Every structure is written in C-alpha cells, then in structure tokens.
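When a residue number appears, it is its place in the shown sequence, counting from 1. Counting starts at 1 for both ligands and their atoms, following the listed order. Nothing here was measured: the structure is a model prediction, and the numbers come from that model.
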Amino acid sequence: MSDALEQAARVLHGATSIVAVTGAGISVESNIPAFRGPKGLWTKYPPEEYATIEGFLEDLAKVWRLWYELGDLLADSAPNPAHYALAQLEQAGKLDAIITQNVDNLHQAAGNQHVIEYHGNGKRMVCLECGAQQPIPEGPDRPLPPRCVCGGLIKPDVVMFGELIPQDALTESEHLAIQCDVMLVVGTSAEVYPAAQVPHTAKYAGAYIIEVNPEHTAFTSTITDAFLQGPAGHMLPALLAQAGVTR
Ligand code: NAD
Ligand code: ZN
C-alpha cells in the first residue's frame with residue numbers, strides 16, 4: 001500500500017468535519033465522459049457553441065438537441081463505487097457535504113443528502129422569464145426548443161460559461177471550505193474557476209487536502225497533502241476501508 005493512502009486514511013480516521021469536492025472524473029466510471037481530453041465532450045461539441053449562454057441563445061434547437069442527448073445518457077447511468085463510498089462516509093456521520101461541479105445527479109442517486117450543486121443539474125430545466133423549474137422531458141417527440149407555459153425561454157438548469165454560480169452555492173461552499181478539517185478533492189482538473197478556488201480556500205484555512213485523480217493536476221504539487229493516484233472507483237473504497245469507515 002502507498003504511503004499516501006496510509007497517511008490519508010489516518011487523517012480521515014481522526015477527522016470530524018470532511019467536505020468533498022467532486023468533478024467530472026468521479027462519473028467517468030459511470031460511463032459519463034469528462035469534457036476535456038480525447039474522449040471528452042468538448043472534442044465533439046465546441047464549448048463556445050454549446051456551453052456559452054451566447055451560443056445557447058443563438059441556436060436554441062441545436063443546443064437543446066445536445067441536452068436531450070445528454071439527458072438520455074444521464075437517465076441510463078448509475079452511481080459507481082466512488083459515489084457509494086461518499087454516501088457511506090455521510091452515513092457514518094463524517095462527511096458534512098459534497099460540493100459537486102457535476103450535473104449528473106449521481107451523488108443524490110447514491111444516497112447523499114447534502115449535495116451542493118455548484119453548476120446546476122442536467123436533469124432540470126428553468127424558465128428564464130418566470131424562474132419555474134421542471135424536469136427535462138425524456139422520450140420521443142420532445143419540443144425543440146421547449147417553451148414555458150408563461151411563454152418564456154427555457155434553459156437547462158446548468159451554469160453555462162458567462163453565467164454566474166448560484167449565490168447560495170457560492171456562500172455555502174466558502175463556509176464549508178473554511179470550517180472543514182479535511183477536504184477530499186476527487187476527479188476535478190483544477191481548471192474551472194471559481195470551483196477550483198474552493199480547495200485553495202480550504203487549504204488556506206488549515207484543511208488537509210486529499211486528492212484522488214489518475215493524473216496530476218494544478219492542485220497536486222501546490223496544495224495537495226496526500227495524492228491518491230488512480231481511478232476514484234478504486235481509490236475511495238480503498239481509502240474508506242483503510243480508515244476503518246467500512247470493512
Ligand atoms: P474535467 O473534465 O475538466 O476533468 C476531469 C478530471 O477527472 C481530470 O483531472 C481527469 O484526470 C479526472 N479523471 C478521469 N477519470 C477519472 C477517474 N476514473 N477517477 C477520478 N478522476 C478521474 O472536469 P471538471 O474539472 O469537473 O470540469 C468540467 C466541467 O464540466 C465541470 O463543471 C464538470 O462538472 C462539468 N461536467 C460534468 C459532467 C457530469 O455531470 N458527469 C461531465 C462532464 C463535465
Ligand atoms: Zn416561465
């Protein structure tokens with residue numbers, strides 16, 4: 001076993017307030033591709049066309065077609081052992097919250113109660129006029145684009161480039177980062193701001209940073225205290241077992 005795993009497990013065992021920050025990497029083993037890299041969605045769908053608010057407003061039907069396709073992908077996906085490990089950590093009374101950049105709803109599906117949706121939820125849509133939220137429709141014959149009963153434009157309830165992070169998610173994340181004694185940073189590239197700021201805030205406030213990722217990131221050599229190199233679906237269950245949270 002690696003020294004990093006042993007040390008991280010010791011710290012986790014003694015911790016009282018743990019907060020997890022998760023990114024697209026934790027869902028890769030649930031067959032949802034990350035955005036960056038050769039298999040990433042951005043290679044197929046240029047972000048300036050599909051993930052900016054300007055691109056969305058320019059061609060509603062085109063962007064909605066992608067979101068319906070993603071919706072089908074999300075409907076077919078299920079939590080993997082990494083999501084379940086975080087659910088067990090919460091059930092054990094050790095995990096205060098998950099701050100997730102993901103929009104796939106898999107932490108909630110795994111049973112986590114306290115999930116902060118930093119970038120929204122890809123199973124929901126919201127009216128830009130009246131603010132009404134509803135589930136994104138599934139199945140055939142979906143309207144392109146969908147319209148609200150009030151006549152307003154409807155957008156997937158996700159944060160696109162050029163939009164602000166929901167204020168309550170920002171405030172609560174900062175509060176959690178300041179008060180936690182361990183932050184678990186799982187499957188995030190450290191390239192998307194302001195989400196990437198959260199682990200920096202925790203570190204600055206004195207937290208021990210455990211990072212889980214098969215690749216090095218901008219966190220690894222700067223703020224990470226224990227780097228668990230490998231897929232989250234393997235590393236998180238191993239960490240919990242070693243820390244005595246699970247057997
Ligand atoms: P990213 O795509 O920029 O980076 C993914 C990270 O995950 C990389 O560092 C990669 O090395 C790592 N990774 C790959 N496989 C892994 C595994 N098995 N276990 C652990 N880590 C693994 O993702 P990001 O930093 O989260 O930023 C992209 C933005 O797009 C975020 O807002 C993200 O939530 C969103 N997004 C969400 C989903 C989803 O909801 N599942 C999917 C794609 C992108
Ligand atoms: Zn409306």
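- Put simply, the side chain of D72 does not reach to within 4.5 Å of the side chain of E69, judged on heavy atoms.
- Contact of the L228 side chain with the L236 side chain is not registered, since no non-hydrogen atoms from C-beta on lie closer than 4.5 Å.
- Around ligand 1 you find G23, A24, G25, S27, V28, E29, I32, P33, A34, F35, R36, Q101, N102, V103, D104, H119, G187, T188, S189, V192, N213, P214, E215, P231, A232, each with a heavy-atom distance below 4.0 Å.
- Side-chain contact between K62 and Y50: present, with at least one pair of heavy atoms (C-beta onward) separated by less than 4.5 Å.
- Under the 4.5 Å side-chain heavy-atom criterion for ILVMFWY residues, no single connected hydrophobic cluster contains both M160 and V192.
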Chi angles and distances behind the side-chain contact (heavy atoms from CB on, under 4.5 Å) call for D157, N121: CA-CA 6 Å; D157 197 6; N121 191 312; 5.5 Å; no
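- Counting heavy-atom neighbours within 6.0 Å of E58 CD, excluding the residue itself, gives a total of 12 or less.
- Here the angle at the Zn ion (ligand 2) defined by SG in C127 and SG in C148 stands at 110°, rounded to 10 degrees.
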